[in-house]
**Student:** 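This is the structure I want to talk about, given as structure tokens.
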There are 2 protein chains.
Amino acid sequence: MSERVVPAAGRRRRRPTKQGVVLSEELIVETALRLIEEHGAEALSVRRLGRALGADPSSLYRYFRHTDDLMLAVADELIGRTLHAWRPTGDWRADLRDLGLRMHAGALAHPRAAVLSAHRVTGRRYEIQAVETILGVLRDAGFPDAEAVRVYHAFVDQALAYSALDSANTALPAAAREAEADVWEATYARLPAGTHPHIAATARHLVASMRDSSYPAALELLLTAAEARLALSRVRD
Amino acid sequence: MSERVVPAAGRRRRRPTKQGVVLSEELIVETALRLIEEHGAEALSVRRLGRALGADPSSLYRYFRHTDDLMLAVADELIGRTLHAWRPTGDWRADLRDLGLRMHAGALAHPRAAVLSAHRVTGRRYEIQAVETILGVLRDAGFPDAEAVRVYHAFVDQALAYSALDSANTALPAAAREAEADVWEATYARLPAGTHPHIAATARHLVASMRDSSYPAALELLLTAAEARLALSRVRD
DNA sequence: ACCTGAACACCGTTCAAGT
DNA sequence: ACCTGAACACCGTTCAAGT
């Protein structure tokens, strides 16, 4: 799944563009990520990216087969950044908690890229590194192979699913984002008790609660369940 | 947040289009949902929708302010369908389990619409109905207001987050979907034990596990935790 | 009162031509 | 060997004009 069209990438000689830029996969990915964060997900078009780089849009097709392929490269770059900021200590539960929270925080720091990529399997270098590392944490902690994979799967799905959910609002175009922020106060908090008794009775709590992420609590629940299964698998031996 | 441009909707007289169709919000939403499922999320363009309806694209702007507004109407229609297929029994835990699984199954039945809408707050009629109903189930079960809202929030976030996650693959354009399905077998299952010992040791389990959804297990975990908190709040009284 | 059609400012992607 | 530019087939949205 290495998506380069030309096999010996990095070694070939490159002519600068008319505007004097020497293109590379790294430069393109960095520029794409910057464009997305500065101007929103809708700013990531081949034409705008070409303009931002100082190159003809069509030249990018030498580096990426199509826009989706570029998106996966951006996703992998985000995984790489999260993974390399993480320092495992050897305590599997603390390490996974820290990694989960870092993944979630990393997504919220790049919400517009995260929402586009959180549900994708990249099969690229940093994702592979992350899978290997997490499985290592679990197997070293004593989880049997099948159980390690189950916990890995639950952990990763949960981190990705909540990262996307919590990034989604921030990633919306400005108009939609503002409309959505208002809904709880403008619509729900104003429903009359006659027709909507349960919403009216809890409106105050609703407005407050819906602002926070439910990820940390869900993560803790998962880690506790995993610990219980680890204890169980030790008893079985 | 009712998004109609003309207030007295449904009561006004309508001229049929050149092709003889009488437009309505309902007809547009149904047609949009059908288009998405038959031809993919990318088929939902104002121009294609106009063609499918037998109307000029620009006429749709009398019913929806913009495409995003139409998307929210489609999302609300999906919520409505799920909610009305659900029959609560009075056992809160069984009822929430059933509703969660129905929401998830409903999303997978319309994956392309689900992935576009699962992270949105519509503020529309069926969503409001769903919030009222779920809060009612929890309050009737004896959850105090603040606790009912906490459990509601965790339940809904989880259902939406996993619905989007599990719909995402099916919702991809055909080419990307096939590439992604191959990654676990074509990339991960072939990594050598020398460089990736943990992946190599568990590859068989990985390929099998990553095909299934981790939602049912996560849902059960959440319901168990909620039950424990309910017991706790009863002791406190 | 509602639908239409032209217009504007965009897209992704391909491919022959240039350097 | 790599970049360019034209071309093709699309987008969402607005607004004056038609019925």
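Quick note on labels: first sequence line is chain A, next is B, and so on, each numbered from 1. Computed from a prediction, not measured in an experiment: that's the story for all the values here.
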**Student:** One thing to verify: whether A/Glu25 and A/Arg125 come together as a salt bridge, which I'm taking to mean a side-chain N less than 4.0 angstrom from a carboxylate O.
**Tutor:** no
**Student:** Salt-bridge test for B/Lys18 and B/Asp56: reply yes if a basic N is under 4.0 Å from a carboxylate O, no otherwise.
**Tutor:** no
**Student:** Tell me, do B/Tyr215 and B/Leu101 make a side-chain contact under 4.5 Å, heavy atoms counted?
**Tutor:** yes
**Student:** Whole angstroms only, please: what is the CG-P distance between B/Leu27 and C/dC2?
**Tutor:** 16 Å
**Student:** In whole angstrom, what separates B/Arg48's CZ from D/dC10's P?
**Tutor:** 8 Å
**Student:** Any ion pair linking B/Glu30 and B/Arg34 (charged N to carboxylate O, less than 4.0 Å)?
**Tutor:** no
**Student:** Examine C/dT13: is either OP1 or OP2 under 4.0 Å from a nitrogen or oxygen in the side chain of A/Thr67? Give yes or no.
**Tutor:** yes
**Student:** Look at the side chain of B/Glu127 and the backbone N and O of B/Asp76, then say whether any donor-acceptor pair between them is shorter than 3.5 Å.
**Tutor:** no
**Student:** Expressed in angstrom and rounded to an integer, what is the separation of B/Met71 atom CE from D/dC11 atom P?
**Tutor:** 17 Å
**Student:** For the base of C/dG12, is there a side-chain donor-acceptor partner from A/Ser45 under 3.5 Å away?
**Tutor:** no
**Student:** Any side-chain N or O of A/Tyr63 under 4.0 Å from OP1/OP2 of D/dC3?
**Tutor:** yes
**Student:** Between the protein and nucleotides 16-19 of chain D, which nitrogen or oxygen pairs are less than 3.5 angstrom apart?
**Tutor:**
| residue | atom | partner | partner atom | Å |
| --- | --- | --- | --- | --- |
| D/dG18 | N2 | B/Arg15 | NH2 | 3.0 |

**Student:** More 5' along DNA chain C: B/Lys18 or A/Pro57, using each one's nearest nucleotide?
**Tutor:** B/Lys18
**Student:** Take the protein atom CG of B/Leu35 and the nucleotide atom C1' of D/dC11, then report the distance between them rounded to whole Å.
**Tutor:** 15 Å
**Student:** At what distance, to the nearest 0.5 angstrom, does CD of B/Glu42 lie from CD1 of B/Ile36?
**Tutor:** 10.0 Å
**Student:** Can you measure B/Asp56 atom CG to C/dA1 atom P for me and round it to whole angstrom units?
**Tutor:** 20 Å
**Student:** Measure CD/A/Gln19 against C1'/D/dT4 and give the value in whole Å, please.
**Tutor:** 12 Å
**Student:** Between D/dC10 and C/dA9, how far apart are the P atoms? Round to whole Å, please.
**Tutor:** 22 Å
**Student:** Only stems of 3 or more consecutive Watson-Crick or G-U pairs count here, both distances under 3.5 Å; name the ones for DNA chain D, or none.
**Tutor:** C:4-8 with D:12-16, C:12-16 with D:4-8
**Student:** Does a nitrogen or oxygen in the side chain of A/Arg65 sit under 4.0 Å from OP1 or OP2 of C/dT13?
**Tutor:** no
**Student:** For the pair made of CG in A/Leu44 and C1' in C/dC10, what is the distance, rounded to whole Å?
**Tutor:** 15 Å
**Student:** Mind checking the CD-CE spacing from B/Glu185 to B/Met210? Nearest 0.5 Å is all I need.
**Tutor:** 13.0 Å
**Student:** What integer distance in Å separates B/His66:NE2 from D/dT13:C1'?
**Tutor:** 11 Å
